[in-house]
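Note that ligands are numbered from 1 as they come in the structure, with each ligand's atoms numbered from 1 the same way. Side-chain atoms are counted along with the backbone in the values below, which use heavy atoms only and exclude waters and symmetry mates. Since the structure is predicted, the reported quantities are computational estimates derived from the model, not experimental observations.
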Amino acid sequence: MQILTTRADLSAQIEACKRLGRTIGLVPTMGALHAGHASLVRKAVAENDIAVVSVFVNPTQFNNKEDLAKYPRNIQRDAELLEAIGAHFVFAPTPEEMYSAEEMNETFAFDFGGLDQVMEGVMRPGHFNGVVQVVSKLFYLVQPDRAYFGEKDFQQLAIIHHMVERSSLAGTFGNLTIVDCPIVRETTGLALSSRNERLSAEEKQTALAISRTLFASLYWAENPDATVAEVQQKVIDTVNAVPGLEVEYYQIVDQQSLQPTDTFRNAIGCITVYCGPVRLIDNIKYCGC
Ligand code: PAF
């Protein structure tokens, strides 16, 4: 496995792979890798000749500078994990290598088709501009056949699908397939997240109420008299009743449009909760049949 830190070195390797007709799988990450990332990388290794993993804490997607500063970083440990899984290249650039001074400060203009008008898009203004900016840059650099993203960031995944399939950039990325990968949970139910590293042992215990409540809501939704609004409110009240947890939002939305829905059919509930100072997200799909 090679660790590359410059765009020039990455491009040289990609060109060599393309010349040999190798298929390329890309797993974009911000490092602090856990078993959730590992499952994406394993898939990329299994489904492609070459697996490239980017490890880059992207400054342009953080609207909160403190959050950026506190984001866990451990490239040494990440590299060991990636080597063990069989990744071929790790791309770990500095922000200066990735962006020009203008790019770092400009607002990346992109038509999100309304997908950014809800949930994370409202709570973290500019966040998805930064995500699309860095992901499109990675796609141009790596020219992957497949790119792997976790469903924990469901809204991000919807926006990336939109970017690849329906935006003015459609066609730009060739035959790129976006591969959706299911949430990986601890046996306790807690969704794996790099941010879990910032939880104390006690907070981690407290955080279990989030997934527990989401799973309970599947049963609440099965009651034929239950409305979406009622289940939504019950999730918020149940989580908020746990000392140490504070819900920022819980919204049950349509899985495609991400707009509020009044049916459980094709719906997903997306939650953001502060567990002490740490902002956690999770989601649950309702089948509604
Ligand atoms: O999901 C993440 O870790 C990041 O948003 C991503 C896709 C790597 C872009 O920085």
For this session: Take Q233 and Y250 through the side chain to side chain donor-acceptor pair (under 3.5 Å) test and state the conclusion after the steps.
Result: CA-CA 8 Å; Q233 194 56 46; Y250 182 59; over 6 Å; no
Problem set entry | R195 vs D67, salt bridge (charged side-chain N to carboxylate O under 4.0 Å, His left out): CA-CA, chis, key distance, verdict | CA-CA 10 Å; R195 289 169 196 266; D67 199 20; 3.0 Å; yes
Exercise. With atoms numbered from 1 as shown, which atoms in ligand 1 lie under 4.0 angstrom from a non-hydrogen atom of V134?
Worked result: 9 (C), 10 (O)
Exercise. Which atoms of ligand 1 have any heavy atom of P28 under 4.0 Å away?
Worked result: 8 (C)
Exercise. Going by the atom numbers of ligand 1, which of them fall below 4.0 Å from some non-hydrogen atom of T29?
Worked result: 8 (C)
Exercise. Nearest protein heavy atom to atom 1 (O) of ligand 1, by residue and atom, and its distance?
Worked result: Q156 NE2, 2.8 Å
Exercise. What protein heavy atom sits nearest atom 10 (O) of ligand 1, and how far away is it?
Worked result: Q61 OE1, 2.6 Å
Problem set entry | Pair N58, Y71: side-chain N/O donor-acceptor within cut-off below 3.5 Å | no
Problem set entry | Polar side chain donor-acceptor pair, Q256 to N266, under 3.5 angstrom | yes
Problem set entry | Side-chain ion pair, R77 and E197, N-O less than 4.0 Å | yes
Seminar exercise, completed: atom 3 (O) of ligand 1: closest protein heavy atom, distance to 0.1 Å, is M30 CG, 3.7 Å
